[in-house]
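Just so we're clear, the structure is a prediction, and the values are computed from it rather than from any experiment.
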Amino acid sequence: MKVTEHIEQAKGNTLFSFEVVPPPKGGNIQELYNNIDPLMEFKPPFIDVTTSREEYIYIEREGLLDRKIVRMRPGTVGICASIKHKYQVDTVPHVLCGGFTCEETEYMLVDCHYLGIDNVMALRGDAMKHQRYFEPTRGGHTYANELVSQIKNITRGKYLHDVVESNNMPDFCIGVAGYPEKHLEAPSLDYDLKKLQEKIDAGADYIVTQMFFDNSKFFEFVEKAKSMGITVPIIPGIKPIAVKRHLQLLPQVFKIDLPEELIRAIEQCKDNKEVRQVGIEWCIQQSKELKAAGVPVLHYYSMGKSDNIKAVASSVF
Ligand code: FAD
């Protein structure tokens, strides 16, 4: 079932969902299940599974350094199928421009079709670690709106190299990313919102936001998006801070601001046990306010940990 259908069925009640990351290549899927199990009591109608793009690694061979491209956490579609089967929930594989040719994307969508997956999250992906800026993969897309168009075309039988008259592909429900504090490369929030509008015009059905720690930024973002004519559901993505290092890491990686009050509370913590508790309490307050404002879904970034999300969800759902 589509994410948008779940939202319609909920009739204004806020749903709970979360995102998981595939284990490193060769890892144990049971560890992923161990993180999902405690969250199933909150009845998520869908679970997202991220996709990692490839990175360069260097291998020494006969005294020379050889550069290889590897994907460290493959298996997104397979994991989506296994979660769907094991927990009887819908899953949302993330589909990336970076690291994939358009043909590979087409085959991934065909796999999704045969596995009964109705939703996909269409994203550009970040630059590789050694790159300053995102560089499109040869034969791949440059921006997420192009990826949305490809997905939409396939649902209409327009494949890259052929048109299929008796096309049976599902009309995928397509999610895209939105940034309450603007995307790091965008010159302004208005510019970024215009680009978000292009993704909706290309056929995206809903938006999930980058994490934020100040709800007023989300509310302003939603107002601005609405004033520009964006009417699709906007789902806030949030995360409880778990360790002191997040104070530097989250702003650095996601180009987001942390509120002074939260920074002060974390700085006063003696150890990460206390930080975890501050993070949970902050996230509970955020969640309660967002829920009271009537957001369709509260979507949590698990980043491989679910105990703190369980603590938040227990107070909110
Ligand atoms: P785009 O929408 O393409 O935008 C990228 C930048 O280009 C923006 O600054 C935008 O303003 C600008 N832009 C957009 N279209 C155009 C255009 N036509 N012309 C000129 N400029 C344009 N990353 C992963 O690697 N794997 C994941 O699983 C993953 N999941 C995510 C889930 C969520 C909910 C979010 C919010 C992010 C996720 N990311 C993931 C990170 C994401 O890939 C990065 O934030 C990436 O840098 C941008 O992706 P995007 O889809 O927003 O790009």
*Heavy atoms of other groups near Lys86 NZ, more than 12 under 6.0 Å*: yes

_Val222 with Leu193, same ILVMFWY side-chain cluster at under 4.5 Å_ = yes

*NZ (Lys25) with more than 12 external heavy atoms under 6.0 Å*: yes

*Taking side chain as C-beta onward, heavy atoms only, is Lys158 less than 4.5 Å from Lys152?*
no

*asked:* With a 3.5 Å distance limit and no angle check, can you tell me whether Asn308 reaches the backbone of Ile280 through a side-chain donor-acceptor pair?
replied: no

*To the nearest 0.5 Å, how far apart are CG in Asp307 and CZ in Arg276?*
4.5 Å

_Is there a path of hydrophobic side-chain contacts, each under 4.5 Å between heavy atoms, that joins Tyr143 and Tyr133?_
no

*asked:* More than 12 heavy atoms of other residues, nucleotides or ligands under 6.0 Å from NZ of Lys305: yes or no?
replied: no

_Flag, side chain of Asn272 to backbone of Val243, donor-acceptor distance under 3.5 Å_ = no

*Can you tell me if Glu106 uses its side chain to pair, donor with acceptor, with the backbone of Leu160 under 3.5 Å?*
yes

*Mark yes or no for whether Thr142, through its side chain, and Pro136, through its backbone, hold a donor-acceptor pair below 3.5 Å.*
no

*asked:* Membership question, hydrophobic clusters at under 4.5 Å side-chain separation (ILVMFWY): are Val77 and Leu32 in the same one?
replied: yes

*Determine whether more than 12 heavy atoms belonging to other residues, nucleotides or ligands lie under 6.0 Å from atom CD of Glu41.*
yes

*asked:* For Tyr159, is there any backbone N or O sitting under 3.5 Å from a side-chain donor or acceptor partner on Asp162?
replied: no

*Could you go through the side-chain contact (heavy atoms from CB on, under 4.5 Å) check for Ile154 and Gln150 one step at a time?*
CA-CA 6 Å; Ile154 287 175; Gln150 184 190 359; 4.1 Å; yes

*Does some side-chain heavy atom of Trp282 sit less than 4.5 Å from a side-chain heavy atom of Glu261?*
yes

*Minimum heavy-atom distance Ser287-Leu298, with the two atoms named*: O-CD1, 3.7 Å

*Measure the shortest side-chain to side-chain distance between Ile207 and Val232 over non-hydrogen atoms and say whether it is less than 4.5 angstrom.*
yes

*Would you say Glu5's side chain and Met1's backbone share a donor-acceptor pair under 3.5 angstrom?*
no

*State the NZ-CD distance between Lys68 and Glu54, to the nearest 0.5 angstrom.*
14.0 Å

*Answer yes or no: are there more than 12 heavy-atom neighbours, outside Met40 itself, under 6.0 Å from its atom CE?*
yes

*asked:* Using 0.5 Å steps for rounding, measure from the OH atom of Tyr301 to the CD atom of Gln210.
replied: 5.0 Å

*Without hydrogens or angle criteria, can the side chains of Gln197 and Asp201 be said to hold a donor-acceptor pair below 3.5 Å?*
yes

*Under 3.5 Å, is there a donor-acceptor pair between the side chain of Thr209 and the main chain of Pro236?*
no

*Mind checking whether Thr105 and Val95 have side chains closer than 4.5 Å, heavy atoms only?*
yes

_Just verifying a value: how many Å separate Cys269 SG and Leu247 CG, rounded to the nearest 0.5 Å?_
9.0 Å

*Taking C-beta and beyond as the side chain, do Lys310 and Pro38 meet within less than 4.5 Å on heavy atoms?*
yes

_Nearest non-hydrogen partners of Lys244 and Glu267, listed with the distance_ = NZ-O, 3.5 Å

*Which atom names give the shortest non-hydrogen contact between His299 and Asp48, and what distance separates them?*
CE1-OD1, 3.5 Å

_Cluster overlap Val253 with Ile266, hydrophobic side-chain contacts below 4.5 Å_ = yes

*Please walk me through it: do Phe134 and Asp126 pass side-chain contact (heavy atoms from CB on, under 4.5 Å)?*
CA-CA 6 Å; Phe134 175 84; Asp126 286 317; 5.9 Å; no

*asked:* If we ignore hydrogens and angles and just use 3.5 Å, is the side chain of Lys199 paired with the main-chain N or O of Ala177 as donor and acceptor?
replied: yes

*Minimum-distance pair of heavy atoms, taken over all atoms of Ile256 and Met211*: CG2-O, 3.5 Å

*asked:* A side-chain contact here means heavy atoms from C-beta on lying under 4.5 Å apart; do Glu223 and Phe219 qualify?
replied: no

*asked:* Restricting to ring-ring contact (aromatic ring centres under 6.0 Å, His included), what partner residues turn up for Phe42, sequence neighbours left out?
replied: Phe16

*Would you say the side-chain atoms of Ser306 pair up with the backbone N or O of Ile36, donor to acceptor, closer than 3.5 Å?*
no

*State, without any angle test, whether Gln277 and Glu281 hold a side-chain donor-acceptor pair at a distance under 3.5 Å.*
yes

*Looking at Ala122 and Ile151, what are the two nearest heavy atoms and their distance?*
CB-CD1, 4.0 Å

_Is the shortest side-chain heavy-atom distance between Glu60 and Leu65 below 4.5 Å?_
yes

_Tell me whether Glu198 is salt-bridged to Lys195, with the criterion being a basic N under 4.0 Å from an acidic carboxylate O._
yes

*With sequence neighbours left out, what residues match Phe218 under ring-ring contact (aromatic ring centres under 6.0 Å, His included)?*
Phe212

_Lys2/Glu8 under salt bridge (charged side-chain N to carboxylate O under 4.0 Å, His left out): CA gap, chis, key distance, verdict_ = CA-CA 10 Å; Lys2 294 180 178 190; Glu8 275 160 32; over 6 Å; no

_Single-linkage hydrophobic cluster, 4.5 Å side-chain cutoff, Phe18 and Met121 together_ = no

*Taking all atoms of both residues into account, what is the closest heavy-atom pair of Leu39 and Pro44, and its distance?*
O-CD, 3.8 Å

*Is the backbone of Thr50 close enough, under 3.5 Å, to the side chain of Glu19 for a donor and an acceptor to pair up by distance?*
no

_Could you check whether any side-chain heavy atom of Met169 comes within less than 4.5 Å of a side-chain heavy atom of Val110, counting everything from C-beta outward?_
yes

*Parallel, tilted or perpendicular, as decided by the 30° and 60° cut-offs, for the rings of His6 and Phe46*: tilted

*Supply the atom-to-atom distance Thr91 OG1 to Ile47 CD1, rounded to the nearest 0.5 angstrom.*
8.0 Å

*Trace of the side-chain hydrogen bond (donor to acceptor under 3.5 Å, both in side chains) decision for Asn34 with Gln30*: CA-CA 6 Å; Asn34 292 347; Gln30 189 54 47; 3.0 Å; yes

*Using a distance-only test with no angle check, is there a side-chain donor-acceptor pair under 3.5 angstrom linking Asp190 and Ser188?*
no

*Would Ile241 and Phe213 count as a side-chain contact (heavy atoms from CB on, under 4.5 Å) if you check the C-alpha gap in whole Å, the side-chain angles of each, and the deciding distance to 0.1 Å?*
CA-CA 9 Å; Ile241 282 202; Phe213 293 87; 3.6 Å; yes

*When rounded to the nearest 0.5 angstrom, what is the spacing between CD in Gln286 and CG in Leu262?*
8.5 Å

*Hey, mind stepping through Tyr33 and Tyr87 against side-chain contact (heavy atoms from CB on, under 4.5 Å) and telling me if it holds?*
CA-CA 10 Å; Tyr33 295 153; Tyr87 298 100; 3.4 Å; yes

_A quick test of your reading: do over 12 heavy atoms of other residues, nucleotides or ligands sit less than 6.0 Å from OH of Tyr114?_
no

